[in-house]
Amino acid sequence: MTSATRALWIGTYPHPANGGAEGVWRVGLDVDAAAGTGSFVGGVLAAESPSPSFLALDGDTLYAVGETEAGSVSPFAVGPDGGLAPRGERVATGGSYPCHVVVSGDVLVANYGDGVLTAVAPAADGSLDPAPSGGAGVTVRHQGHAGTGPVTDRQEGPHAHFVAPLAHLGAADDGSGDVLVVDLGTDELRRHDPAAPDGSAPRVVATFPPGTGPRHLAALPSGHLVVVGELDPALFVLAPVDGPDGARTYDVVARHDVTHAAAPAGGGNYPSHVAVTADGSRVLVAVRGADVLAVHAVEPGSDGGVPALRHLADSPVGGAWPRHFAVLAAPEETLHDLVVVANQNDDPLLGRSDVEAAEPTSNLALLRVRRSDGAAHVLDVLALPAPACVVEA
């Protein structure tokens with residue numbers, strides 16, 4: 001049995017713990033991926049940053065959104081010792097409440113509050129320092145959208161929730177360099193050219209049933225997309241359609257309930273993140289409310305047709321309100337996947353009158369998920385203030 005300590009970067013929301021300090025955490029994880037064992041070995045606040053709810057790692061630069069009304073993105077240099085240091089100044093996204101960031105040439109940010117996609121061309125060292133007046137420097141472009149949905153308290157306007165560069169989507173990549181944006185507020189999938197001039201409009205390439213509230217997406221090995229709805233807790237399979245002009249759109253061809261787990265009394269189930277395992281055989285979804293990890297088998301369609309998703313299992317995630325998770329890299333021959341879940345909320349079942357309110361019961365949880373039947377088992381938990389994102393270093 002061979003174990004090794006891996007590093008995780010954890011984005012967070014504000015929490016009373018640590019005197020209210022907001023920032024990015026570094027957590028150690030001692031794992032044996034082949035054996036499917038592991039435990040957390042401590043965590044430290046690596047850098048203070050305002051509401052860094054989502055992170056993206058690009059080489060030795062870590063980018064963190066600032067999910068505030070005056071949205072921002074901050075670059076940090078990752079040192080040889082695993083420490084973080086600011087790599088220049090944070091940059092305004094030009095949108096509000098940014099909730100997702102990814103790097104594909106540009107640093108791409110989804111601004112939830114107003115639906116704006118921000119594209120920032122970083123400097124050679126990864127910094128995002130804006131150009132002085134009249135001088136050379138990084139370029140920041142903004143591409144907005146308009147529209148509403150029928151759920152009036154959640155869909156009063158566009159809400160960009162996830163950015164997916166086609167270059168990151170395997171068989172779904174068409175080589176264009178474009179990106180897809182999932183818009184919870186308008187029930188749409190948008191396509192953007194991130195190199196287009198500031199103010200350019202996107203093209204709508206898929207429309208979901210009204211009230212879906214699409215949130216995140218992933219790609220299947222067949223080139224189909226799978227999108228998870230937040231307002232309608234379902235997985236939607238999208239098939240690519242190439243028009244006569246070469247423009248690609250997507251048809252929503254199947255809907256599958258995310259979970260069989262009951263929602264809590266007086267509440268609902270609200271899926272958050274979706275991912276496809278490295279071998280393409282399983283779709284994993286975190287579900288807030290029931291607080292489970294739902295696992296579906298991917299069954300290839302005949303003659304390259306639409307794949308089917310078959311629900312396998314719903315397993316407790318060891319905490320409350322699972323906002324995000326990461327499937328850790330593992331050998332192909334293993335019989336399981338190791339998954340780290342960010343359980344954002346303090347667990348009301350762990351509340352105690354003799355514990356200070358500032359002590360978090362929100363946590364990270366390490367799960368072992370069997371590939372055979374999708375059942376998951378909690379291996380370890382680590383209390384952490386309002387974790388919202390997990391990135392393997």
Within a 6.0 Å radius of atom CG on Asp81, are there more than 12 heavy atoms belonging to other residues, nucleotides or ligands?
yes
Would you find more than 12 non-hydrogen atoms of other residues, nucleotides or ligands less than 6.0 Å from Glu69 atom CD?
no
Kindly say whether [Y] contributes a backbone atom to a donor-acceptor pair with the side chain of [X] at under 3.5 angstrom?
X: His15; Y: Ala17; answer: yes
X: Asp279; Y: Ser281; answer: yes
X: His100; Y: Val163; answer: yes
X: Asp257; Y: Thr259; answer: no
X: Tyr63; Y: Gly126; answer: yes
X: Thr93; Y: Gly95; answer: yes

Look up atom [atom1] in [X] and atom [atom2] in [Y], then write down how far apart they are to the nearest 0.5 Å.
X: Ser74; Y: Glu89; atom1: OG; atom2: CD; value: 9.0 Å
X: Tyr13; Y: Asn345; atom1: OH; atom2: CG; value: 10.5 Å
X: Leu108; Y: Arg141; atom1: CG; atom2: CZ; value: 8.5 Å
X: Thr118; Y: Asn111; atom1: OG1; atom2: CG; value: 4.0 Å
X: Leu384; Y: Phe40; atom1: CG; atom2: CZ; value: 9.0 Å
X: Asp193; Y: Ser176; atom1: CG; atom2: OG; value: 8.0 Å

Using side chain to side chain contact (heavy atoms under 4.5 Å, CB included), reason through Val237 and Leu225 one step at a time and then give a plain yes or no.
CA-CA 6 Å; Val237 178; Leu225 304 179; over 6 Å; no
Decide, yes or no, whether a salt bridge links Asp337 with Arg370 under the criterion of side-chain N to carboxylate O below 4.0 Å.
no
So that I can tick it off, tell me whether Arg190 and Asp178 are bridged by a salt bridge, with the cut-off set at under 4.0 angstrom between side-chain N and carboxylate O.
no
If you take the centroid of each ring, where Trp contributes its six-membered ring, are His256 and His311 closer together than 6.0 Å?
no
Apply side-chain contact (heavy atoms from CB on, under 4.5 Å) to Ser222 and list each qualifying residue two or more places apart in sequence or on a separate chain.
Leu220, His224, Pro307
Could you name each residue pair satisfying salt bridge (Lys or Arg N to Asp or Glu O under 4.0 Å) that touches residues 217-242, not counting sequence neighbours?
Arg154-Glu230, Arg215-Glu230, Glu230-Arg288, Asp232-Arg255, Asp242-Arg248
